[in-house]
Protein chains: 2
Amino acid sequence: MSNLATIAHLIGDPSRAAMLQALLPGEALTAGELARVAGIGAAATSGQLKALVESGLVSVHAQGRHRYHRLAGEEVAAALETLIALPQTSPRRSWPHGDAFRQARLCWHHLAGRLGVALYDSLTTDRWIEAAPGGWVATEMGEARLGKLGVDLVEARRATRFACDCMDWSERRPHLAGGLGREITSMLTRRHWLRRIEPSSSDTLLRRRLTCTPEGARALSSEFGITA
Amino acid sequence: MSNLATIAHLIGDPSRAAMLQALLPGEALTAGELARVAGIGAAATSGQLKALVESGLVSVHAQGRHRYHRLAGEEVAAALETLIALPQTSPRRSWPHGDAFRQARLCWHHLAGRLGVALYDSLTTDRWIEAAPGGWVATEMGEARLGKLGVDLVEARRATRFACDCMDWSERRPHLAGGLGREITSMLTRRHWLRRIEPSSSDTLLRRRLTCTPEGARALSSEFGITA
DNA sequence: CTCTGCCTTCGGTCCCCCCCGAAACAAAGA
DNA sequence: TCTTTGTTTCGGGGGGGACCGAAGGCAGAG
């Protein structure tokens with residue numbers, strides 16, 4: 001069977017899809033948590049997770065009597081977001097949780113949504129980063145200013161070559177992913193410019209939401225010229 | 001049901017996946033041709049195509065007693081390529097038709113594979129094109145040189161905003177898609193620098209293959225600095 | 001050690017959906 | 001009009017796989 005059909009079939013089951021969506025922010029969840037998200041029993045969950053792991057979409061990490069599952073990599077998260085983005089072509093539909101969710105959310109530890117796209121645009125037009133073969137590089141000026149803001153550029157460069165351009169399904173635009181995206185998002189939350197909402201919610205979408213603090217709005221405006 | 005599961009379930013059936021792959025180059029095929037590709041009867045094919053059309057993945061165009069089907073848009077092609085790219089992480093597997101297929105192929109009318117990535121790199125490093133919010137723009141120098149080569153820049157700009165960066169599954173790198181990608185590829189084949197192989201083959205992969213003519217190899221080297 | 005909690009394996013049921021053959025419909029040509 | 005070719009609709013059959021309940025490992029707490 002073709003690769004395409006195999007992978008898509010795995011994602012195509014409602015239960016497995018719910019689990020994958022729950023894993024989209026990038027954190028690891030136990031089998032029990034995923035069972036609750038998918039709304040199925042423990043036995044069924046175990047089988048589904050086994051299939052996901054064997055296919056390479058999900059990786060496991062046993063710790064005590066828990067088994068922590070996470071997406072196998074950033075490419076998986078990007079592919080899922082791409083698929084989610086597909087049906088929303090012409091007429092922008094309304095979304096659960098409305099604009100709030102479209103505003104800012106996590107996708108594999110980086111920033112997506114309107115804010116993520118705005119940040120990406122700001123970095124490119126102000127030439128903090130530039131396109132280069134194999135990914136993106138920070139310009140000299142960009143390195144200096146990002147470093148000053150507390151972004152760990154060494155850590156950012158340790159990422160895979162697949163360095164940028166995750167498709168954003170709500171904005172239908174690429175945004176900043178990869179190591180740099182992760183480190184910038186880390187900085188933004190560390191400085192309390194962005195805050196996570198309800199990480200414990202059972203709602204898959206809610207768990208990914210981020211909000212901008214008043215302090216963060218001012219900072220984003222002065223540092224990046226973004227009006228949040 | 002979630003959007004993700006619905007779409008992925010459609011792609012996840014072997015017959016439908018085969019049809020979608022056959023449509024990847026961007027041309028329209030009749031229901032009968034797709035039936036042959038998928039290896040199922042006409043009745044089953046009709047039902048599957050109906051589902052694909054209703055979901056918005058595929059569009060139809062009736063002409064006489066034939067019904068021509070094509071992918072609904074470039075985003076669909078990009079999403080399929082992204083999915084195909086997923087499992088090929090660490091150990092580069094060998095491919096049907098070997099390196100030849102990885103070398104150059106069509107993806108929704110633009111150039112993919114090693115050659116497509118090389119072209120993308122050449123255009124960015126030589127600054128014929130630059131990243132800009134919402135897509136890519138040709139620099140002044142790029143416009144002049146592309147125009148001289150016979151690329152229809154007016155037509156290229158008529159494309160959607162989703163202008164670039166289709167993920168390349170064999171190279172795991174973005175390459176030049178969108179209106180500009182299509183027009184450049186059109187120029188390359190019009191000048192017989194690239195030639196299509198076996199557009200009538202029943203093999204889904206073969207049908208997408210492109211080869212570089214001797215003349216084209218010289219031209220690509222002198223014009224873009226690409227050693228094909 | 002025992003008990004409790006998390007997870008897996010096994011056996012079995014059930015349903016979705018994928019396919020085919022037959023018939024009907026539509027369009028073009030003889 | 002009759003035939004041929006391309007496609008759709010209908011009815012029915014069959015297989016894959018998704019779920020559950022029960023039972024069995026493991027790991028940690030008491």
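Letters go in sequence order (proteins before strands), and every chain restarts at 1.
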> Under 4.0 angstrom, heavy atoms only, what part of the nucleic acid is Thr45(A) near: base, sugar-phosphate, or nothing?
Replying inline: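 No contact at all - Thr45(A) keeps every heavy atom at 4.0 Å or more from the nucleic acid.
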
> Which nucleotide in the set dC7(C), dC19(D), dC18(C) lies at the smallest distance from any side-chain heavy atom of Thr30(A)?
Replying inline: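 It is dC7(C).
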
> What's the closest nucleotide to the Ala43(A) side chain, out of dC20(D), dT9(D), dC19(D)?
Replying inline: dC20(D)

Length of the line joining [X]:[atom1] and [N]:[atom2], which is rounded to integer Å:
X: Glu54(A); N: dG17(D); atom1: CD; atom2: P; value: 13 Å
X: Gln48(A); N: dT8(C); atom1: CD; atom2: P; value: 12 Å
X: Ile40(B); N: dC20(C); atom1: CD1; atom2: P; value: 6 Å
X: Arg67(A); N: dG5(C); atom1: CZ; atom2: C1'; value: 16 Å
X: Leu34(A); N: dC6(C); atom1: CG; atom2: P; value: 14 Å
X: Met19(A); N: dC19(D); atom1: CE; atom2: C1'; value: 11 Å
X: Gln63(B); N: dT5(D); atom1: CD; atom2: C1'; value: 16 Å
X: Leu29(A); N: dC7(C); atom1: CG; atom2: C1'; value: 16 Å

>> Assess the residue pair Thr30(B) and Glu33(B) against the criterion (side chain to side chain donor-acceptor pair (under 3.5 Å)); give the C-alpha distance rounded to whole Å, side-chain angles, the decisive distance to 0.1 Å, and a yes or no.
In response: CA-CA 5 Å; Thr30(B) 67; Glu33(B) 292 172 306; 3.2 Å; yes

> What's the shortest heavy-atom distance between Thr185(A) and His109(A), and which atoms?
Replying inline: CB-O, 3.6 Å

>> If you compare all heavy atoms of Ile40(A) against all heavy atoms of Gln48(A), which two are closest, and at what distance to 0.1 Å?
In response: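 For Ile40(A) and Gln48(A), the tightest heavy-atom pair comes out as CD1-CG, 4.4 Å.
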
> OP1 or OP2 of dC19(C) less than 4.0 angstrom from a side-chain nitrogen or oxygen of Ser15(B), does that happen here?
Replying inline: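 It does, given that an N or O in the side chain of Ser15(B) lies less than 4.0 Å from OP1 or OP2 of dC19(C).
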
>> Under 4.0 Å from OP1 or OP2 of dC18(C): is there any side-chain N or O of His9(A) that close?
In response: no

> Could a donor-acceptor pair under 3.5 angstrom be found where the side chain of Arg65(B) meets the base of dT5(D)?
Replying inline: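 Side chain to base: pair present.
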
>> So Thr213(B) and Leu194(B), do their side chains get closer than 4.5 Å, heavy atoms only?
In response: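 In short, these two side chains do not touch, never coming nearer than 4.5 Å.
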
> Are the charged groups of Arg105(B) and Glu81(B) less than 4.0 angstrom apart, N to O?
Replying inline: yes

>> Let me spell it out: for each of Lys50(A) and His66(A), pick the nucleotide of DNA chain C with the closest heavy atom. Which residue's pick is nearer the 5' end?
In response: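 First, find each residue's nearest nucleotide; the 5'-ward one identifies His66(A).
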
